[in-house]
Amino acid sequence: MTEQNQQLDNSVIATLKNKDHSALSERLDALACTHTDIIELLAQYQALSDQDDDERFDAWYDELCKPQLEVLKAFEVMRAHFEQEYQ
């Protein structure tokens, strides 16, 4: 795991613990991506996650740029919070 990914993972863990999305939202709002970019990223993520091809998923994930990783990790944090809330 690269240092960049480790730093993102640490921020995800911290955000999960305090359930505060404000810092996450600030980082996401500063990204230069469109709604279409985000939808496409999440669609790819969902499609690849549903398959049993870990190598394909890993190759796709390794090619993501920092903004894409931030969006994906923010999605996972918020999804985890909503799953906890609705259980």
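- Here Glu76 does not pair with Lys73 in a salt bridge; the nearest charged N to carboxylate O distance is not below 4.0 Å.
- Note: the hydrophobic cluster containing Val77 also contains Phe82 (ILVMFWY, side chain heavy atoms under 4.5 Å, direct or indirect links).
- Across Leu64 and Leu41, no two heavy atoms sit closer than the pair CD2-CD1, 3.8 Å.
- For residues 51-60, the set of pairs meeting the side-chain hydrogen bond (donor to acceptor under 3.5 Å, both in side chains) definition, not counting sequence neighbours, comprises Gln44-Trp60.
- Scanning all heavy atoms of the two residues, the minimum distance from Glu70 to Leu31 falls at CB-CD1, 4.4 Å.
- The side chain to side chain contact (heavy atoms under 4.5 Å, CB included) search around Thr36 returns Thr34, not counting sequence neighbours.
- We find the CZ-CG distance between Arg79 and Leu42 to be 10.0 Å, quoted to the nearest 0.5 Å.
- Contacts of Asp50 classified as side-chain hydrogen bond (donor to acceptor under 3.5 Å, both in side chains), with partners at least two apart in sequence or in another chain: Gln46.
- Remark: Glu63 pairs with no residue by the salt bridge (Lys or Arg N to Asp or Glu O under 4.0 Å) rule, at least two apart or across chains.
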*Go through the steps for Tyr45 and Phe57 under the test side-chain contact (heavy atoms from CB on, under 4.5 Å), then give the verdict.*
CA-CA 8 Å; Tyr45 173 69; Phe57 179 87; 3.8 Å; yes
